[in-house]
Amino acid sequence: MNLPKTYQPDQYEPNIYGLWETSNSFRPSGVGEPYSIILPPPNANGNLHIGHGLTVALQDTLVRWQRMKGKDTLYLPGADHAGFETWVVYEKELQKQGKSRFDFSREQLYSKVWDFVDKQRGNMELQLRALGASLSWEHMVFTLDEKVVQTTYNTFKQLWDKGLIYRGEKMVNYCTTHQTGFADIEINHKNEKSKLWKIAYPSLDKVTEIIVATTRPETMLGDVAVAVHPDDERYKHLIGTTVQLPLADREIPVIADEYVDPNFGTGAVKITPAHDPNDFEIGERHNLPRIQVIGFDGKMTNVPSQFAGLEVLDARKRILAALEAADFRRGEETLENSIAHCYKCNTIIQPLVKDQWFLKTQPLAKRVIDIINSGEVKFYPESRTKALLYYLENLRDWNLSRQIAWGIPIPAFQNTADANDWVFDTRVDQKSIEIDGKVYRREEDTFDTWFSSGQWPFITTDFLDGGELSRFYPSNVMETGHDILYPWVSRMLMLGLEVTDKLPFKDVYLHGLVNDAHGKKMSKSKGNVINPMDMVSKYGSDAFRMGIMASRSAGQDQAFSEAKVIAGRNFCNKLWNTARFIESKLLDMYKSSEPTPISLADHWIIRELNNSIKSIDELLSQYRFAEAAEVVYHSLWDNLADWYIESSKAELNHDVLVWALDVTLRISHPFAPFVTETIWQTLPWYNEQLIIADWPTHVNFDEISASQFDRLKNFITEVRFVANELPGNEKYDLLYGNDSLISENLELVKHLVGFYIKSIDHTDQPRGLRIASEGREVWFDIDKNTLNDHQSNLEVRLSKEHFRAKSLRKRLENSSYIEKAPPQLVEESQKELREITERINKLQEELKVIDSSN
RNA sequence: GGGUGAUUAGCUCAUUUGGCUAGAGCGCCUCAUUGACGUUGAGGAGGUGAGAGGUUCGAAUCCUCUAUCGCCCACCA
């Protein structure tokens with residue numbers, strides 16, 4: 001074996017991934033308890049972003065760990081057609097070509113976007129491979145695959161039959177740039193300073209006037225009433241009368257409605273049912289007509305010619321000017337209110353009345369609320385549960401209709417002779433169909449993408465058909481960013497329960513957003529986006545995974561730290577060189593077997609690795625990834641490399657050395673799959689791949705021997721510390737007295753502190769500086785002058801020890817502490833105090849020697 | 001307007017039922033070294049845990065208030 005000095009990831013990663021993939025190692029084994037994670041499908045048309053990097057690191061770590069633990073494991077890949085997201089990109093393409101969506105039919109558009117996406121599809125999949133995701137590729141599902149479409153239709157039908165689907169003219173959030181409606185959740189509210197304009201609406205006899213306050217004067221041309229609070233003394237006498245609507249030649253009634261807050265504005269509200277959700281409701285209550293004055297293109301319509309065709313904000317200016325000119329303005333004030341914007345293009349969302357398909361969400365939400373309250377689904381972090389409950393409790397009906405072609409067509413047809421007669425039918429490729437001699441025209445809208453992706457877990461596992469993968473539903477954990485808790489996780493819970501009567505997953509782990517190095521949100525416009533693939537090619541896939549996982553806790557947004565990726569890279573290299581060293585020590589075709597510990601170090605490393613295995617199991621089962629990764633890191637670096645390998649240079653035990661490498665590779669594999677498998681493939685005695693090897697188990701050792709090694713470690717650290725502190729650059733002899741731990745491990749001690757000392761010898765006449773390590777009879781053979789020079793160091797140490805002893809003594813003298821603290825804690829304190837006292841005595845001894853010599 | 005998270009070492013962050021001397025990575029300082037690894041080794045410095053008060057034998061952790069920053073939700077014209 002002749003491995004290069006440093007690990008070069010790019011030389012091995014593609015081959016190793018190829019090896020796994022071609023030998024079907026990602027495929028569920030069919031043996032053992034099922035364990036599944038469904039990858040939140042990345043946009044088929046895009047590249048992976050840093051958040052995907054984190055997602056893959058977390059999910060793949062769990063999957064690999066469980067696979068090694070013998071589970072029948074499925075990590076299920078998918079690709080998202082990402083309806084609106086992709087549509088926006090594609091429309092820009094069309095624009096470049098000087099075309100628009102109105103130049104094509106739905107079918108034409110759909111097939112054009114399909115081709116557009118198809119060209120890009122491979123990228124995201126290659127990137128998932130580069131990240132080492134052990135996905136079962138043969139089970140890949142695209143969100144427009146036939147089975148997704150069919151299940152979506154069936155679900156729609158089922159909900160329709162249950163009376164949960166309805167079509168209705170309702171106020172929808174409409175983006176006039178993208179010309180589509182949105183769900184409530186897809187719009188961004190921003191608090192902005194705006195003006196509250198006051199406008200006089202004169203009575204018919206011009207004797208009096210009522211002043212309304214509005215932030216959107218352009219909608220006044222669609223006013224159909226003025227509303228006041230029924231008990232408002234200022235306006236009571238006007239209720240039932242009629243006023244003149246300025247600029248428009250119309251008369252509108254003054255009505256009373258409880259909704260009006262007499263303390264806001266002027267206490268009189270203009271009512272525009274076509275352009276405001278509250279006004280819409282008031283309009284319904286009072287049977288008012290709806291006059292649409294803003295078109296779906298965002299331009300004024302049904303208004304006097306001077307305003308017709310104007311953009312909304314333009315119209316606002318012109319209307320205010322016209323009101324001013326005609327003396328209808330009665331002042332203005334500024335206020336902060338919240339304005340809805342399109343989350344994509346930032347256009348102000350217009351509330352417009354439109355016929356759309358809605359899903360009654362409350363019955364579905366209710367079930368989810370109950371099941372969350374019953375504790376059947378667990379959230380990490382738990383704090384998100386409360387927010388989700390609040391969201392669900394206040395959820396309004398879900399607008400499923402989108403006016404874009406890139407999506408699953410809504411399978412519904414309308415009777416051309418009876419607008420209220422809608423039928424469910426999946427012949428969506430036909431513009432019209434005939435049923436019982438009646439002609440039905442198809443719905444042109446498509447579904448909100450989240451409606452189908454909300455069914456993802458049971459669709460992808462073919463649960464409803466009882467297919468081969470149905471044993472993997474529900475999945476074990478839904479791991480995703482907290483930013484899609486509402487749009488996705490909540491919908492999967494609702495639809496999963498509704499359709500399958502089961503929770504779609506057992507746990508929900510929500511990771512935080514990965515921000516830039518300074519904790520700021522990454523965005524293209526800020527130019528601070530970090531591409532995960534850049535990190536992978538610079539430092540390797542394993543390094544990236546370990547780096548992005550480090551120091552991260554559930555749900556917490558956090559800065560990306562390249563330094564942690566570097567630490568990950570260093571880890572891989574350390575592992576590489578550990579393996580290089582161990583392999584160099586091996587006899588030909590050495591066969592690994594149960595280790596037979598001989599030396600203290602052997603027992604100790606077995607104990608330490610046993611502990612590491614246990615901790616990793618515990619931490620990962622609680623989704624404490626960063627802590628688990630830290631255990632792996634220190635297990636390799638501190639325990640195996642710094643102590644055990646160093647010790648093995650003095651006392652070589654092939655058995656244990658090989659076993660230690662073996663276990664280290666196994667426990668590191670879920671975190672750093674490539675480098676561990678690469679090394680594994682160089683070990684001559686394994687035929688199987690590490691990815692499907694068994695998770696290591698506990699091995700017997702002798703606790704007393706292990707703790708003897710702990711003492712030796714302490715002693716060695718103490719010697720190194722003191723040697724560093726001693727004045728001058730000279731090396732000194734070390735003398736040991738009646739100390740069996742030292743005498744029996746002399747070669748080991750020599751190797752571990754060899755550099756710091758001249759020699760180590762037995763003595764019957766101790767002299768010099770005593771090592772202040774528990775139980776040791778060892779001295780640095782230094783003369784009085786050197787000891788003298790060292791005095792201040794000793795005094796500093798002594799005072800520190802005294803300080804610590806004092807606080808321990810104080811604690812132990814407190815009777816409440818003795819009574820109430822756990823006995824084990826008290827015992828530890830007592831033990832510690834004894835040790836400190838011993839150190840103090842030794843230090844004082846030294847200082848006494850110094851004193852007496854002066 | 002309503003929630004919610006954060007504030008810990010120079011930087012980025014851990015610390016899960018309150019309990020070892022509050023940890024890690026990177027950075028910093030000293031020293032070392034040609035064969036496992038400089039993507040190294042040994043040692044070290046660095047924190048009154050935002051501020052104030054409270055509960056407790058014991059608080060970064062629980063409670064109250066204050067300050068600053070962030071995020072989410074939200075149909076008050």
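Protein chains get the first letters and strands the later ones, always in sequence-line order, with residue 1 at the start of each.
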**Q** Base, sugar-phosphate alone, or nothing: which one does Ala387(A) contact when heavy atoms must sit under 4.0 Å apart?
**A**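 No contact at all - Ala387(A) keeps every heavy atom at 4.0 Å or more from the nucleic acid.
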**Q** Is the distance from OP1 or OP2 of G25(B) to the nearest side-chain N or O of Trp637(A) less than 4.0 Å?
**A**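 No, because none of the side-chain N or O atoms of Trp637(A) sits under 4.0 Å from OP1 or OP2 of G25(B).
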**Q** Using a 3.5 Å limit on both distances, find every run of at least three consecutive Watson-Crick or G-U pairs that involves RNA chain B.
**A**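 Stem list for RNA chain B: B:1-7 with B:67-73, B:10-13 with B:23-26, B:28-32 with B:40-44, B:50-54 with B:62-66.
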**Q** Taking the same atom, C1', in C63(B) and in U55(B), what whole-Å distance lies between them?
**A**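 My reading of the C1' atoms in C63(B) and U55(B) gives 7 Å.
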**Q** Considering only A14(B), C26(B), C76(B), which nucleotide approaches the side chain of Asn570(A) most closely?
**A**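 So the side chain of Asn570(A) is nearest to C26(B).
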**Q** Under 4.0 Å: is that the gap between some side-chain N or O of Thr214(A) and OP1 or OP2 of A77(B)?
**A**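 The answer is no; no side-chain N or O of Thr214(A) sits under 4.0 Å from OP1 or OP2.
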**Q** Check whether any side-chain nitrogen or oxygen of Lys190(A) sits under 4.0 Å from OP1 or OP2 of C71(B), and answer yes or no.
**A**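 No, because none of the side-chain N or O atoms of Lys190(A) sits under 4.0 Å from OP1 or OP2 of C71(B).
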**Q** Counting side-chain heavy atoms from CB outward, which of C73(B), G23(B), G25(B) is closest to Glu630(A)?
**A**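 Nearest listed nucleotide: G23(B).
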**Q** Below 4.0 angstrom from OP1 or OP2 of A14(B), is there any side-chain N or O of Gln558(A)?
**A**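 Result: yes.
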**Q** If you check the Lys521(A) side chain, which of A77(B), C72(B), U40(B) turns out closest?
**A**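 For the Lys521(A) side chain, the nearest candidate turns out to be C72(B).
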**Q** If you look at every strand shown and take non-hydrogen atoms under 4.0 Å, does Pro822(A) touch a base, only sugar-phosphate, or nothing?
**A**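 If one applies the 4.0 Å heavy-atom cut-off, Pro822(A) turns out to touch a base.
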**Q** Side-chain donor or acceptor of Lys198(A) under 3.5 Å from a matching atom on the base of A77(B)?
**A**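 No, no donor-acceptor pair under 3.5 Å.
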**Q** Using the P atom as the point on both nucleotides, what is the distance between G3(B) and G44(B), in whole Å?
**A**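 After rounding to an integer number of Å, I get 49 Å for this pair.
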**Q** Is there a donor in the side chain of Ser668(A) and an acceptor in the side chain of Tyr633(A), or the other way round, less than 3.5 Å apart?
**A**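 On atom types as modelled, these side chains do not qualify, holding no pair under 3.5 Å.
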**Q** Taking the side chain of Asn577(A) as heavy atoms from C-beta outward, which of A77(B), A36(B), A42(B) is closest to it?
**A**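 Comparing A77(B), A36(B), A42(B) against the side chain of Asn577(A), the answer is A36(B).
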**Q** Looking for any heavy atom pair under 4.0 Å, which part of the strands does Arg569(A) touch: base, sugar-phosphate only, or nothing?
**A**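 Answer is base: heavy atoms of Arg569(A) come under 4.0 Å of a base.
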**Q** Would you mind reading off the distance between Ile484(A) atom CD1 and C72(B) atom C1', rounded to a whole angstrom?
**A**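 Value for this atom pair: 15 Å.
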**Q** Taking C72(B) as the reference, what is the distance to U56(B) when you measure between their C1' atoms (whole Å, please)?
**A**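 Each nucleotide's C1' atom is 35 Å from the other's.
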**Q** Within the 4.0 Å heavy-atom criterion, would you say Tyr486(A) contacts the bases, only the backbone, or no part of the nucleic acid?
**A**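 Contact class for Tyr486(A): sugar-phosphate only.
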**Q** Applying a 4.0 Å non-hydrogen cut-off, can you work out what Phe264(A) is touching in the nucleic acid: base, sugar-phosphate, or nothing?
**A**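 Result for Phe264(A) = base.
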**Q** Quick one: label Glu832(A) by what it contacts on the DNA or RNA (base, sugar-phosphate, nothing), any heavy atom closer than 4.0 Å.
**A**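 Glu832(A): base contact, heavy atoms under 4.0 Å.
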**Q** Look at Lys820(A) and G58(B) and indicate whether a side-chain polar atom (N or O) is within less than 4.0 Å of OP1 or OP2.
**A**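 For G58(B), OP1/OP2 do not have a side-chain N/O of Lys820(A) under 4.0 Å.
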**Q** Counting the atoms with a prime plus P, OP1 and OP2 as sugar-phosphate, which does Asn814(A) contact under 4.0 Å by heavy atoms, base, sugar-phosphate, or nothing?
**A**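 Touches sugar-phosphate only.
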**Q** Can you sort out which residues in residues 332-340 of chain A have a heavy atom within less than 4.0 Å of RNA chain B? Ascending by number, please.
**A**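 Contacting residues: Asn337(A), Ser338(A).
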**Q** Give a yes or no answer on whether the side chain of Glu186(A) reaches the backbone of Ala183(A) with a donor-acceptor pair at less than 3.5 Å.
**A**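 Such a contact is found between Glu186(A) side chain and Ala183(A) backbone.
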**Q** Counting only side-chain heavy atoms from C-beta out, which of A32(B), A74(B), C76(B) sits nearest to His189(A)?
**A**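 The answer is A74(B).
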**Q** Describe the nucleic acid contact of Ser553(A) in one word from base, sugar-phosphate, nothing, applying a heavy-atom distance below 4.0 Å.
**A**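 The answer is sugar-phosphate, as Ser553(A) gets under 4.0 Å only of primed atoms, P, OP1 or OP2.
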**Q** Round to a whole Å and report the spacing from CG of Asp557(A) to C1' of U7(B).
**A**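 Nearest whole value for this atom pair: 15 Å.
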**Q** Is the phosphate of G1(B), meaning OP1 or OP2, less than 4.0 Å from a side-chain N or O of Asn191(A)?
**A**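 It does not, given that no N or O in the side chain of Asn191(A) lies less than 4.0 Å from OP1 or OP2 of G1(B).
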**Q** Among side-chain atoms of Asn573(A) and Thr6(A), is any donor-acceptor pair under 3.5 angstrom?
**A**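 Judged by distance alone, the side chains do not pair up.
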**Q** In whole angstrom, give me the gap between the P atoms of U16(B) and A22(B).
**A**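 Their P atoms lie roughly 15 Å apart.
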**Q** Is there a donor N/O on one and an acceptor N/O on the other, under 3.5 Å, for the side chain of Glu627(A) and the base of A24(B)?
**A**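 Answer is no: no donor-acceptor pair is held.
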**Q** Begin with the C-alpha distance, continue with both residues' side-chain angles, and end with the deciding distance and a verdict on ring-ring contact (aromatic ring centres under 6.0 Å, His included) for Tyr7(A) and Tyr12(A).
**A** CA-CA 9 Å; Tyr7(A) 172 59; Tyr12(A) 305 98; 5.8 Å; yes
**Q** So, Arg216(A) and Gln350(A): side-chain donor and acceptor under 3.5 Å apart, yes or no?
**A**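 There is such a pair between these side chains.
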**Q** Give a yes/no answer on whether the side chain of Lys5(A) brings an N or O atom under 4.0 Å of OP1 or OP2 in C37(B).
**A**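 For Lys5(A), the contact criterion (side-chain N or O under 4.0 Å from OP1 or OP2 of C37(B)) is met.
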**Q** Looking at every strand, decide which applies to Ala626(A) at a 4.0 Å heavy-atom threshold: base, sugar-phosphate, or nothing.
**A**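 Touches nothing.
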